[in-house]
Amino acid sequence: MTLHLLDTLSGETRPFEPLDPTNVRVYSCGPTVYGPAHVGNFRSFLFADLLVRYLRYRGFPVTWVMNITDVDDKIIRGALADGTGIAEVAERYTTRFLADAATLRMTVPDVLPRATAHIDEMAALIEALLARGHAYRTDDGSIFFRIASWPAYGRLAHLDPAEMRIGERVEADEYAKDDVRDFALWKGPRDGEPPWETAVGPGRPGWHIECSAMSMRYLGTSFDVHTGGVDLVFPHHEDEMAQSEAATGDPFVRTWLHCAHLQMGGEKMAKSTGNIARVGDVVAEGVSPRALRYALIAAHYRMGLSFGPDSLHAAASAVERLDAVWAALGGYPSDAADDAALDAVLETARRGFEDGLDDDLNVSPALAAVFDLVRELNRRIAARILSTADAGRARDVLADLDRVLALLPDEDALEPELAALVEARAAARGRREWAESDRLRAELLDRGIAVEDTRDGQRWRRTEARHG
RNA sequence: GGCGACGUACCCAAGUGGCCCAAGGGGGAGGUCUGCAAAACCUCUAUUCAGCGGUUCGAAUCCGCUCGUCGCCUCCA
């Protein structure tokens with residue numbers, strides 16, 4: 001099988017065929033940096049991460065672009081509120097975003113363009129739209145996209161423009177649009193708002209134009225995949241597609257991918273309702289970053305996913321299970337001969353993993369294949385039928401699959417002080433001084449090192465998370 | 001009001017016509033191993049897939065209706 005993806009626009013699941021096999025181009029709608037992103041936002045970023053990782057695992061070179069929206073109403077409001085500039089606010093939360101992303105082991109995008117650094121590209125796009133008759137100016141210097149000029153409008157969201165409820169709260173009164181459904185490409189200058197002097201006049205960009213300008217700047221007028229949360233389908237991506245195609249005449253995106261919302265307490269996680277959890281807070285509560293990553297990627301991206309203490313606990317246990325085999329395989333002394341059946345076990349796991357992900361990135365069966373492998377490996381370790389070389393090969397396969405999952409523990413050496421405690425504990429146990437060895441074991445656990453005894457002596461692994 | 005998704009064990013969650021008397025993870029019960037603990041392994045925990053009809057040799061999977069949950073139509077990942 002090959003990778004198949006379900007495209008929002010066509011509604012079809014199709015084999016993935018890159019426009020250019022030597023450079024798969026992926027664009028993901030990134031954060032608007034007016035505050036810390038919450039874990040719901042990260043679900044969508046990590047789903048894109050999973051896609052990019054899997055494309056690379058499958059051998060495709062990928063260029064991944066994720067924008068940073070660093071100018072918009074909320075940032076302006078936030079800057080006003082705490083008396084700093086919008087650049088400061090944007091910088092603060094961009095830094096925070098990148099730190100959280102790193103915590104969650106998100107692949108660093110190849111390009112992280114900032115909107116404010118691409119104003120000229122936006123202006124050029126708007127000029128093209130004006131020239132082609134798809135946009136018009138209003139008295140205050142704003143420029144709008146004329147939906148009536150674009151018959152394809154509504155195709156992505158599968159909405160009929162005529163049936164759309166006209167937003168009562170839209171800025172219809174603030175800006176004099178020809179049609180309330182028309183959307184802003186450019187907002188004329190206003191007091192208290194940062195103005196840019198551009199070819200289309202002074203003002204600031206509308207939201208949608210940012211993504212069109214930045215994606216096409218780095219990926220061309222047509223590219224392979226565009227990702228985002230379902231809430232972006234309309235109006236953001238609908239508008240983006242309309243303005244991009246109206247400006248260039250080229251089909252904008254080959255495959256649109258949208259992930260479902262993260263649910264917490266039965267409803268979607270959203271800043272507007274305050275129903276949120278943040279990466280920093282969750283980690284501060286003692287959840288390991290890898291467990292959090294697991295909790296956010298372990299379900300198919302188009303399915304609603306519930307988030308909460310239960311899901312985090314299950315995720316933490318699952319990750320520990322991975323850690324346990326990983327550690328067991330690492331410290332596996334054996335004089336057994338090679339296990340003739342191991343290759344088949346490894347191959348079955350790899351096939352199950354790939355078959356799952358090939359099916360529109362369905363991680364559930366992929367993870368099932370991994371855990372089936374884990375059990376097979378544990379059985380063999382317990383039965384001592386693996387050779388040391390076998391253990392190494394099994395580890396290599398796990399590590400290879402982990403290029404996609406990114407859940408395995410870091411391979412770092414133990415700090416000297418802790419290493420000394422581990423040795424002391426082994427020595428005490430060797431002398432059958434149970435009280436002392438138990439004390440050292442407890443102390444090590446307290447410092448994040450779990451020590452376990454096996455027939456071949458003790459072994460240790462990091463635990464990361466506290467347990468309550 | 002329009003559009004759409006979903007409803008599988010105690011919880012999360014695969015499976016979308018026969019390999020399903022239904023993966024995987026978590027939780028629970030019992031057992032093995034062990035100085036103890038932990039990990040691991042073994043057994044058990046859905047004759048059943050929201051409910052009711054229908055199509056079919058055959059349905060969790062297709063069709064219809066009913067009930068329920070969630071989302072989009074407005075800033076939003």
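Note that the coordinates shown come from a computational prediction; the quantities given were computed from them, not determined experimentally. In what follows, chains are A, B, ... by sequence order, proteins preceding strands, each numbered from 1.
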Residues 352-360 of chain A side chain polar contacts: donor-acceptor under 3.5 Å, at least two apart:
unit_1   : atom_1 : unit_2   : atom_2 : d
A:Glu354 : OE2    : A:Tyr57  : OH     : 2.7
A:Asp358 : OD1    : A:Leu3   : N      : 3.4
A:Asp358 : OD1    : A:Tyr54  : OH     : 2.8
A:Asp358 : OD1    : A:Arg58  : NE     : 3.4
A:Asp358 : OD1    : A:Arg58  : NH2    : 3.2
A:Asp358 : OD2    : A:Arg58  : NH2    : 2.5
A:Asp360 : OD1    : A:Leu6   : N      : 3.1
A:Asp360 : OD1    : A:Tyr301 : OH     : 2.7
A:Asp360 : OD2    : A:Tyr301 : OH     : 3.1
A:Asp360 : OD2    : A:Arg302 : NE     : 3.1
A:Asp360 : OD2    : A:Arg302 : NH2    : 2.5

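- One P atom belongs to B:G17, the other to B:G25, and the distance between them is 25 Å to the nearest Å.
- Between the P atoms of B:A59 and B:U55, the separation comes to 12 Å (whole Å).
- Nucleotide B:G24 holds its P atom 17 Å from the CZ atom of A:Arg351, rounded to whole Å.
- Near RNA chain B, defined here as any heavy-atom distance below 4.0 Å, the residues from residues 264-273 of chain A are A:Gly266, A:Glu267, A:Lys268, A:Met269, listed numerically.
- The ring of A:Phe97 has its center closer than 6.0 angstrom to the ring center of A:Phe42.
- Of the C1' atoms belonging to B:C3 and B:U43, the separation is 49 Å, rounded to the nearest Å.
- Of the candidates B:C75, B:A13, B:A23, B:C75 carries the atom nearest the A:Lys74 side chain, counting heavy atoms from C-beta on.
- Taking a 6.0 Å sphere around CG of A:Asp335, one finds it holds 12 or fewer heavy atoms contributed by other residues, nucleotides or ligands.
- Taking atom CZ of residue A:Phe353 and atom P of nucleotide B:G24, one finds them 17 Å apart after rounding to whole Å.
- Nucleotide B:C72 holds its C1' atom 16 Å from the NE2 atom of A:His236, rounded to whole Å.
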Secondary structure of RNA chain B per the Watson-Crick/G-U criterion (both distances under 3.5 Å; [ ] crossing, | other strand, . unpaired) is ((((((((.[[[..)..(.....]]]((((((.......))))))....[[[[[..)....]]]]])))))))....
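- Contact annotation for A:Val451: base contact, defined as any heavy-atom pair under 4.0 Å involving a base atom.
- With rounding to whole Å, A:His258 atom NE2 is found 19 Å from B:C6 atom C1'.
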*Can you list the steps and then say if A:Arg441 with A:Asp453 is a salt bridge (charged side-chain N to carboxylate O under 4.0 Å, His left out)?*
CA-CA 10 Å; A:Arg441 183 171 61 196; A:Asp453 296 314; 3.7 Å; yes
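- Counting any heavy atom pair closer than 4.0 Å across all strands shown, A:Ala260 reaches a base atom.
- Here the straight-line distance linking atom CG of A:Leu257 with atom CG of A:Asp7 works out to 8.0 Å at 0.5 Å rounding.
- Remark: the separation of the P atoms in B:G51 and B:C33 is 44 Å, to the nearest Å.
- Aromatic rings from A:Tyr27 and A:Tyr218 are positioned such that their centres are separated by 6.0 Å or more.
- RNA chain B is contacted by both A:His38 and A:Val374; A:Val374 maps to the nucleotide lying nearer its 5′ end (nearest heavy atom per residue).
- Neither side chain, A:Gln263 nor A:Ser306, offers a donor N or O lying under 3.5 Å from an acceptor on the other.
- Considering CG of A:Leu156 and NE2 of A:His258, their distance stands at 5.5 Å, rounded to 0.5 Å.
- A donor-acceptor contact under 3.5 angstrom links the side-chain atoms of A:Asp453 to the base of B:C36.
- Listed nucleotides: B:A77, B:G35, B:C75. Nearest to the side chain of A:Leu232: B:A77.
- Annotation: cation-pi geometry not satisfied between A:Arg204 and A:Trp186 (NZ/CZ under 6.0 angstrom from ring centroid, within 45° of ring axis).
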What pairs of nitrogen or oxygen atoms, one from the protein and one from nucleotides 25-28 of chain B, lie under 3.5 Å apart?
unit_1 : atom_1 : unit_2   : atom_2 : d
B:G26  : O3'    : A:Ser317 : OG     : 3.4
B:G26  : O2'    : A:His313 : ND1    : 3.4

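- Contact between the side-chain N/O atoms of A:Asn41 and the OP1/OP2 oxygens of B:A77 is found at a separation under 4.0 Å.
- Residue contacts for A:Ser437: at a heavy-atom cut-off of 4.0 Å it reaches a base atom on one of the strands shown.
- Rounded to whole Å, atom C1' of B:G35 lies 8 Å from atom CG of A:Asp438.
- Nucleic acid contact for A:Gly40: base, since at least one base atom lies under 4.0 Å from a heavy atom of the residue.
- Between the side chain of A:Arg441 and the base of B:A37 there is at least one donor-acceptor pair of N/O atoms closer than 3.5 Å.
- For A:Ala368, counting side-chain heavy atoms from C-beta on, the closest listed nucleotide (B:A23, B:A77, B:A39) is B:A23.
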Considering only distance and modelled atom types, tabulate donor-acceptor pairs under 3.5 Å from the side chains of residues 28-36 of chain A, sequence neighbours left out.
unit_1  : atom_1 : unit_2   : atom_2 : d
A:Ser28 : OG     : A:Trp64  : NE1    : 2.8
A:Ser28 : OG     : A:Thr227 : OG1    : 2.8

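- Distance from the side chain of A:Arg461 is smallest for B:A39 among the nucleotides B:A77, B:A14, B:A39.
- Distance CD1 (A:Ile76) to C1' (B:C75): 14 Å, rounded to an integer number of Å.
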Notebook entry, point to check: Are A:Asp179 and A:Arg146 close enough, and set up right, to give a salt bridge (charged side-chain N to carboxylate O under 4.0 Å, His left out), and what steps lead you there?
Noted result: CA-CA 8 Å; A:Asp179 183 322; A:Arg146 189 187 305 283; over 6 Å; no
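- Ring-to-base geometry places A:Trp434 in a stacked arrangement with B:G35 (centre distance under 5.5 Å, plane angle under 30°).
- The residue A:Leu262 sits close to a base: some heavy atom pair falls under 4.0 Å.
- Distance alone, capped at 3.5 Å, is enough to place a donor-acceptor pair between the A:His158 side chain and the A:Thr8 backbone.
- A:Asp140 contributes atom CG, which lies 6.5 Å from atom CZ of A:Arg190 (distance to the nearest 0.5 angstrom).
- When the nucleotides B:G35, B:A40, B:U74 are ranked by their closest atom to the side chain of A:Arg425, B:G35 comes out on top.
- Taken from CG in A:Asp402 to CZ in A:Arg395, the straight-line distance is 11.0 Å, to the nearest 0.5 Å.
- The side chain of A:Asn362 places an N or O atom within less than 4.0 Å of a non-bridging phosphate oxygen (OP1 or OP2) of B:G15.
- For the segment residues 395-412 of chain A, the set of residues with a heavy atom within less than 4.0 Å of an atom of RNA chain B is empty.
- Going from atom SG of A:Cys211 over to atom CG of A:Asp239 covers 11.0 Å, rounded to the nearest 0.5 Å.
- Comparing B:A77, B:G35, B:C41 by their nearest atom to the side chain of A:Arg379 picks out B:C41.
- Rounded to whole angstrom, the span from the CG atom of A:Leu444 across to the P atom of B:A38 amounts to 17 Å.
- Here B:C72 is the nucleotide among B:A39, B:G35, B:C72 with the atom lying nearest to any side-chain atom of A:His261.
- Relative to the side chain of A:Ser44, the nucleotides B:C72, B:A77, B:C75 differ in distance, and B:A77 lies closest.
- Positionally, the nearest nucleotide of RNA chain B for A:Leu305 lies more toward the 5' end than for the other of A:Leu305 and A:His208.
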